[in-house]
Amino acid sequence: MIQGIVFDLDDTLYEQQSPFAEAIKSLFPSFPASKMNDLFIRFRYYSDLHYMKSITGEWTLVKMRYERIRLALADFGYLPTDSEIHTFQENYDHALKNIALPYEITEALDYLNQSEIPIGLITNGPVERQNDKIRALNIPRWIDQKHILISDGVQIQKPDPGIFKLMEAALNLSPESLLYVGDSFDNDVLGAKAAGWSVWWFNHQRREIPKNQLPIFEKELRSFNELSQALMNKKSLQR
């Protein structure tokens, strides 16, 4: 039986593509709307691929942010200048200040609190930036600060199972009793599974399972409504 639920942040508790699309449209209004989802997936791919370079010091955080959008746009034949990339990042940062939880997530978090099910959050990223998002989404309304782990703050990055072990200690629960919900197969599914947790893959971006990987998650969910309904269904939480 699942006794505690832990969430990823970006593109799990809120739709990260919306502020991204807003920033792209402000800079490249001719970019085809039909390809926006594909561009966003490439953006996330390059972000995950090069994030560790900013942690090890090989790249600065600014360079990593520039390169992830430069490479993503290049895959679609766009070659932005440094000035355009700077403008994109400014617009993206501004759009992220106005993010909000989907009502389905708010409903599910309310239910979990009312049911007294312990919940937590594990996210990769810089402490200040992730805390800005956490405040914008009003996450502390549902999740105690002691149960929020930001990778740069604890110096452990998903998919390292060590960050999941820290959450086990924070919640005082065993890995067998914990469920992780996240959108990244590599960081969330593989990381939580390596720690011995159950995992729901929140695949609302309709990504393919990476090559040479198996569907090791307990459940795949493809919309905020599906996720909300599963979280509020007691049978879904039976391991």
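All values derive from a computational prediction rather than experimental measurement.
Judged by distance alone, the side chains of N124 and Q130 never bring a donor and an acceptor atom under 3.5 Å apart. A donor-acceptor pair shorter than 3.5 Å cannot be found between the side chains of E104 and N225. Between the side chains of S177 and Q3, no donor-acceptor pair is found at a separation under 3.5 Å. Using a 3.5 Å distance cut-off with no hydrogens or angles, the side chains of E90 and H94 do not pair a donor with an acceptor. Inspection of the Q114 and D110 side chains reveals no N or O donor paired with an N or O acceptor under 3.5 Å.
Note that the CD1 atom of I119 and the CG atom of N113 stand 4.5 Å from one another [nearest 0.5 Å]. Here the CG atom belonging to N187 is positioned 9.5 Å from the CD atom belonging to Q157, to the nearest 0.5 angstrom. Atom CZ of residue R44 and atom CG of residue L39 lie 13.0 Å apart, to the nearest 0.5 angstrom. From Q229, atom CD reaches atom CG of L231 across 9.5 Å, with rounding to the nearest 0.5 Å. Between L179 atom CG and W200 atom CH2 the span is 5.5 Å, to the nearest 0.5 Å. Between the CD1 atom in I117 and the CG atom in L109 there is a gap of 11.0 Å [rounded to 0.5 Å].
Hydrophobic clustering (side-chain heavy atoms under 4.5 Å, transitive across Ile, Leu, Val, Met, Phe, Trp, Tyr) keeps Y180 apart from L190. Following chains of ILVMFWY side-chain contacts shorter than 4.5 Å, one cannot reach I216 starting from F202, and the two form parts of different hydrophobic clusters. At a threshold of 4.5 Å between side-chain heavy atoms, the hydrophobic network of Ile, Leu, Val, Met, Phe, Trp and Tyr places F7 and M232 in one connected group. By the rule that hydrophobic residues join a cluster once side-chain heavy atoms approach within less than 4.5 Å of another member, F40 and Y46 end up as members of separate clusters. Note: the hydrophobic cluster containing V189 does not contain L149 (ILVMFWY, side chain heavy atoms under 4.5 Å, direct or indirect links).
Counting only heavy atoms from C-beta outward, the side chains of L171 and V6 approach each other to under 4.5 Å.
Atom NZ of K35 sits in a sparse spot, with 12 or fewer heavy atoms from other residues, nucleotides or ligands closer than 6.0 Å.
By the 4.0 Å N-to-carboxylate-O rule, D152 lies too far from R129 to be salt-bridged with it. Salt bridge D132/K97: absent, no basic N to carboxylate O contact under 4.0 Å. Looking at D48 and R68, no side-chain N of the basic residue comes within less than 4.0 Å of a carboxylate O on the acidic one, giving no salt bridge. In summary, E84 and R70 do not engage in a salt bridge, as defined by a charged side-chain N under 4.0 Å from a carboxylate O.
Annotation: ring pair (Phe, Tyr, Trp, His ring centres under 6.0 Å) contacts of F43 (sequence neighbours excluded): F20, Y92. Remark: F217 engages W201 in a ring pair (Phe, Tyr, Trp, His ring centres under 6.0 Å) (not counting sequence neighbours). A search for side chain to side chain contact (heavy atoms under 4.5 Å, CB included) contacts involving Y103 returns nothing, not counting sequence neighbours.
No donor-acceptor pair under 3.5 Å is formed between the side chain of D183 and the backbone N or O of T12.
Ring centers of F164 and W197: under 6.0 Å apart, within the cut-off.
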